[in-house]
J.: 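Have a look at this one before I ask anything.
This structure is a prediction, so every number in the text was calculated from the model and none was measured. We count ligands from 1, going down the list as the structure has it; atoms in each ligand are counted the same way. This chain uses plain numbering: 1 for the first residue, then up along the sequence.
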Amino acid sequence: MDRLGNEDNKEIKETMSTYDFKEVLKRFPREKNKNVTLAVLTSGGDSQGMNAAVRAVVRVSIQLGVTVYFVKEGYHGLIEGYITKANWYDVSFTLNLGGTIIGTKRCKPFMTKEGRMKATKNMISFGISNLVVIGGDGSLTGANLFREEWPCHINELLKNKEIDEETSKKFDHLNLVGIVGSIDNDFSGTDMTIGADTALHRILEAIDSIVSTAFSHQRTFIMEVMGRNCGYLAVKSALMCEADYLFIREWPQKLDWTDKLCKNVQAARNRGKRLNIIIVSEGAVDINGSAITSEMVKTVLVTTLNQDARITVLGHVQRGGSPSAFDRILASRMGAHAVFCLLEDTAETEPKVVCLNANTIVHQSLMDCVKSTLEIGKAIQQKDFDKALKLRGQSFIQNLVTYKQMIRQENMNSEGKITLILNIGGSSNGINALMYSIVRATLALNKRVLAAKFSIDGLIKGEVIELHWSSVIGWLNQGGVKLGITRTIPDEEMMEKVAMQIKHFNISACIIAGGTEALKTGILMYDYRKKYKELCIPLIVIPVTYSNNVPGTDFSLGADTALNQIVKLCDIIRQSAEGHTPRVFVVEVLGGLCGYLTSMTAMACGADASYIPEEKFDITDLMDCIYRMVEKFDTKLITRGLVLRSEKASENYTTSFIKKLLTEEGQKSFVTRTSILGSIATGGVPSPFDRSFALKEGQLAVEWINNIQNKDPENFTSPSSAVSLGLQRSDFKFTPLDDLRFINDKKYSNNQHWWLNFRPLLKVLEEPNYWKQFM
Ligand SMILES: Nc1ncnc2c1ncn2[C@@H]1O[C@H](COP(=O)(O)OP(=O)(O)OP(=O)(O)O)[C@@H](O)[C@H]1O
Ligand SMILES: O=P(O)(O)OC[C@H]1O[C@](O)(CO)[C@@H](O)[C@@H]1O
């Protein structure tokens with residue numbers, strides 16, 4: 001799960017030019033790929049997002065002139081010869097589907113040499129010597145073995161006269177690349193496996209639903225989650241649902257766990273909780289390695305505490321349903337990368353596995369990753385749980401630490417320093433989870449939290465409340481803004497009052513959460529330190545906005561939830577056209593001057609075109625879109641089209657203009673409809689990513705304040721004492737507000753966003769003849 005630190009992965013890791021198709025064609029010319037044949041299979045437990053990976057493998061191959069095959073039903077299909085040619089439209093409308101359209105199976109015969117020999121023969125008969133395997137640790141272990149043995153199988157086939165000398169030379173080695181598709185997130189080398197994010201969506205949907213019935217009856221629910229050997233899903237979900245107790249394999253319980261469980265559960269009730277959630281990973285054990293089951297946990301609670309406890313086993317629900325936006329995008333990037341890897345492979349290169357590393361797609365040695373993954377399993381078997389935990393990586397351990405901190409019940413009458421929270425800007429999901437995290441982390445340090453209701457306006461009026469441990473119970477999964485929010489940025493007169501209130505409430509530090517208004521307010525407060533010494537306190541801004549347009553961070557809190565909402569709505573809009581004559585939808589997406597939501601939705605839904613403020617477009621682009629649409633509908637294989645437009649993509653090419661143009665020019669082939677999503681897209685409950693992001697950011701902000709207060713309690717005038725917290729690649733960074741003041745420049749726009757790199761990939765995956773533009 002953590003980086004292996006392989007230098008080798010530098011060659012074709014995702015960079016600015018990775019998807020620039022002119023560059024791609026230069027590196028992998030179509031003429032050279034004429035004789036390249038590639039197959040893709042899915043194996044092991046299915047996972048949501050596998051289809052996006054298959055789609056990307058197929059479409060990138062076709063764009064590069066590679067012949068591509070599906071192997072149906074995993075290794076079983078390889079042995080039985082269920083191999084069929086894949087075409088462009090075979091993978092249309094599959095991004096939103098869970099499972100795998102090409103089937104999967106757990107296949108015993110592939111564990112035998114005979115089975116793998118048969119698979120070799122079948123592959124050769126189709127001329128295939130390049131294979132993409134999408135599956136979990138087991139599938140990739142098998143794939144690795146298959147590739148190692150391949151030359152022996154070829155010799156054997158030659159010896160048995162099942163192939164001739166020429167064929168044996170032509171197929172002397174197998175090029176292999178793995179993509180990790182598994183909800184368990186249990187594979188070393190990649191930060192995330194395809195499907196894990198969606199599984200968390202399913203788990204939290206279930207827990208959020210259970211909470212209302214548990215609350216009504218004051219019940220305790222024991223939720224059993226999947227993950228075999230790996231506690232990732234359990235730890236993450238426990239963290240994100242405020243679970244009162246967690247059982248996983250890598251952190252086994254001492255033998256007195258029954259007492260501790262009862263103590264924690266009872267203490268939470270005493271603090272005002274009407275319900276308890278206990279998360280049990282299906283592989284949970286005690287320090288002796290003996291299983292701890294949901295039934296055992298229930299029995300303890302019923303017999304010792306006389307609790308009304310119930311068990312819900314989530315089971316395969318976790319592997320079901322439509323993939324999250326993250327999984328669709330991750331899988332598309334990984335699928336494309338897998339094809340590039342295969343085209344670079346030679347007999348001498350070792351097999352690779354495509355990984356996500358600090359928000360960048362890279363590849364690692366498949367053998368090294370498999371070895372490291374198996375080591376974790378071995379450590380667990382040998383009951384060396386410390387080693388297993390260490391091997392799971394730093395972020396796994398950090399999640400556990402955060403969980404313990406959030407759930408720890410602190411002294412309610414703390415007398416320590418006071419931190420003020422201000423929410424400023426528009427409403428964005430995840431902000432309540434952030435408040436939860438700030439409150440719990442601050443109380444853990446024996447300090448106090450005050451919060452202004454309705455932002456600066458409330459602060460000036462003195463509408464300030466104290467937040468206690470129990471004030472934030474249940475805030476993790478709440479949409480909207482519990483504290484109330486306005487967009488007011490203080491002017492000179494207001495700033496004086498702000499300073500007075502900070503003095504009045506004896507505030508020692510301030511956290512501002514929100515979008516650009518929050519950042520601008522933070523910069524102003526920093527600037528006014530010269531005039532008001534009350535403002536010389538540690539100040540930290542945490543970007544919270546669905547638009548993802550705040551500088552200093554790759555992600556703003558709330559953007560993932562909005563993206564998932566928009567993707568869901570686009571799926572529904574497009575589905576509504578099923579059974580109709582061809583229909584094109586023009587959908588207007590929120591985001592102000594930032595095309596993040598539009599671009600990422602386009603990638604996750606497979607939009608035919610997307611127009612954003614950062615990318616200039618003109619009438620020829622719009623006409624080109626119409627011609628492509630007509631061409632597509634002429635195939636009679638497709639009847640639905642999707643065009644996305646950012647609300648501020650262009651002053652003149654408005655949504656209504658584009659609709660009229662499509663209606664006029666495309667009327668012989670399709671009808672056009674519009675849909676303006678507006679703020680409907682920002683409602684709902686925070687996504688797992690946003691909850692987890694909120695928890696981390698809250699904790700880091702509190703730690704930063706604590707450190708700076710401890711270091712130099714008198715001196716809070718330097719630029720480094722007023723910062724913005726941001727996630728850059730995989731690192732959280734504290735950027736001085738002084739360095740971000742360009743946000744106040746009217747002309748500010750950021751055309752260097754990391755996600756702009758994916759724009760060409762959108763076209764590669766959506767426009768069947770995209771490659772022709774470069775010939
Ligand atoms: N050691 C191995 N040697 C050869 N083939 C293997 C090996 N391990 C697994 N496989 C093949 O891969 C298939 C899938 O493996 P497994 O059932 O472990 O699922 P997985 O890939 O780990 O997926 P998930 O993590 O979703 O369960 C097996 O049924 C078998 O065909
Ligand atoms: O679908 P099956 O074969 O019952 O396997 C269930 C197992 O597969 C996974 O869903 C994925 O590895 C595990 O979390 C679970 O233990």
J.: Between Asn155 and His153, is there a side-chain donor-acceptor contact under 3.5 Å, judged purely by atom types and distance?
T.: no
J.: Salt-bridged, Glu250 to Arg392, with N to O below 4.0 Å?
T.: yes
J.: Tell me the nearest of Gly142, Ser47, Gly178, Pro109 to atom 4 (C) of ligand 1, using heavy-atom distances.
T.: Gly142
J.: Could you list the residues that satisfy ring-ring contact (aromatic ring centres under 6.0 Å, His included) with His76, not counting sequence neighbours?
T.: Tyr82
J.: Is it true that Asp46 and Arg319 have a side-chain N and a carboxylate O under 4.0 angstrom from each other?
T.: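 So Asp46 pairs with Arg319 through a salt bridge.
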J.: What is the nearest protein non-hydrogen atom to atom 17 (O) of ligand 1, stated with its residue, atom name and distance?
T.: Arg106 NH1, 2.7 Å
J.: Considering only heavy atoms of Gly136, which atoms of ligand 1 have at least one such atom less than 4.0 Å away?
T.: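 Every atom of ligand 1 under 4.0 Å from some heavy atom of Gly136: 20 (P), 21 (O), 22 (O), 23 (O), 25 (O).
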J.: Between ligand 1 and Lys108, can you find any atom pair, the residue atom being a heavy atom, that is separated by under 4.0 Å?
T.: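 Lys108: no contact with ligand 1 (<4.0 Å).
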J.: For Ser43 and Arg106, test the side chains for any donor-to-acceptor distance below 3.5 angstrom and give the result as yes or no.
T.: no
J.: Is Gly45 close to ligand 1, meaning an N/O of one under 3.5 Å from an N/O of the other?
T.: yes
J.: Within the supplied structure, the quantity of interest is the number of heavy atoms (other residues, nucleotides, ligands) at a distance under 6.0 Å from Gln398 CD; does it exceed 12?
T.: yes
J.: Would you check the N or O atoms of Arg116, main chain and side chain alike, for any that come under 3.5 Å of an N or O of ligand 1?
T.: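 N/O-N/O distance below 3.5 Å does not exist for this pair.
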J.: Atoms of ligand 1 less than 4.0 Å from Tyr75 heavy atoms?
T.: 11 (C), 12 (O), 31 (O)
J.: What protein heavy atom is closest to atom 1 (N) of ligand 1, reported as residue, atom name and distance in Å?
T.: Thr141 CG2, 3.8 Å
J.: Could you tell me whether Glu375 and Lys378 have a side-chain N and a carboxylate O separated by less than 4.0 Å?
T.: no
J.: Note the single closest protein heavy atom to atom 14 (C) of ligand 1, along with its residue, its atom name and the distance in Å.
T.: Ser139 OG, 3.4 Å
J.: Collect the protein residues that have a non-hydrogen atom under 4.0 Å from ligand 2 and hand them over in chain and number order.
T.: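 Ligand 2 pocket, heavy atoms under 4.0 Å: Arg106, Ile183, Asp184, Met226, Gly227, Arg228, Glu282, His316, Arg319.
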J.: Does an N or O from Asp186, backbone or side chain, lie closer than 3.5 Å to an N or O of ligand 1?
T.: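 In fact, backbone or side chain, Asp186 has no N or O that close.
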J.: Between Gly181 and ligand 1, is there a nitrogen or oxygen pair with a distance under 3.5 Å?
T.: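 No, no N or O pair falls under 3.5 Å.
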J.: Leu145 heavy atoms, cut-off 4.0 Å: which ligand 1 atoms fall inside?
T.: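 Under 4.0 Å from Leu145, ligand 1 has these atoms: 3 (N).
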J.: Please check if the distance between the ring centroids of Phe146 and Tyr75 is under 6.0 Å.
T.: no
J.: Between Asn264 and Asp244, is there a side-chain donor-acceptor contact under 3.5 Å, judged purely by atom types and distance?
T.: no
J.: Do any nitrogen or oxygen atoms of Gly138 come within less than 3.5 Å of a nitrogen or oxygen of ligand 1?
T.: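 Yes, there is a polar N/O contact under 3.5 Å.
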J.: Polar-atom distance check: Asp137 versus ligand 1, any N or O pair below 3.5 Å?
T.: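 By distance alone, the answer is yes.
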J.: With atom 27 (O) of ligand 1 as the reference point, say which of Lys105, Arg319, Met226, Arg228 has the nearest heavy atom.
T.: Arg228
J.: Please check this pair: side chain of Thr120 against backbone of Arg116, looking for a donor-acceptor N/O pair closer than 3.5 Å.
T.: yes
J.: Can you check whether Trp257 and Tyr245 have ring centres sitting under 6.0 Å from each other?
T.: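 Ring centres of Tyr245 and Trp257 not closer than 6.0 Å.
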J.: Does the gap between the ring centers of Phe396 and Tyr232 come in under 6.0 Å?
T.: no
J.: Does a donor on one side chain sit under 3.5 Å from an acceptor on the other, for Thr67 and Lys85?
T.: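 Not at all, the side chains of Thr67 and Lys85 share no donor-acceptor pair under 3.5 Å.
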J.: Give a yes or no on whether the backbone of Ala309 and the side-chain of Thr220 come within a donor-acceptor separation of less than 3.5 Å.
T.: no
J.: Closest non-hydrogen protein atom to atom 7 (C) of ligand 1, residue and atom name please, with distance?
T.: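 Result for atom 7 (C) of ligand 1: Met111 SD, 3.4 Å.
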J.: With no hydrogens and no angle check, just 3.5 Å: does a side-chain donor-acceptor pair link Ser324 and Asp197?
T.: yes
J.: Go through ligand 1 atom by atom and flag the ones less than 4.0 Å from a non-hydrogen atom of Phe110.
T.: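 Every atom of ligand 1 under 4.0 Å from some heavy atom of Phe110: 4 (C), 5 (N), 31 (O).
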J.: Who's closest to atom 30 (C) of ligand 1 heavy-atom-wise, of Cys107, Gly115, Ser43, Gly195?
T.: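 That would be Cys107.
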J.: Within the structure, does Ser182 bring an N/O atom to less than 3.5 angstrom of an N/O atom in ligand 1?
T.: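 Yes.
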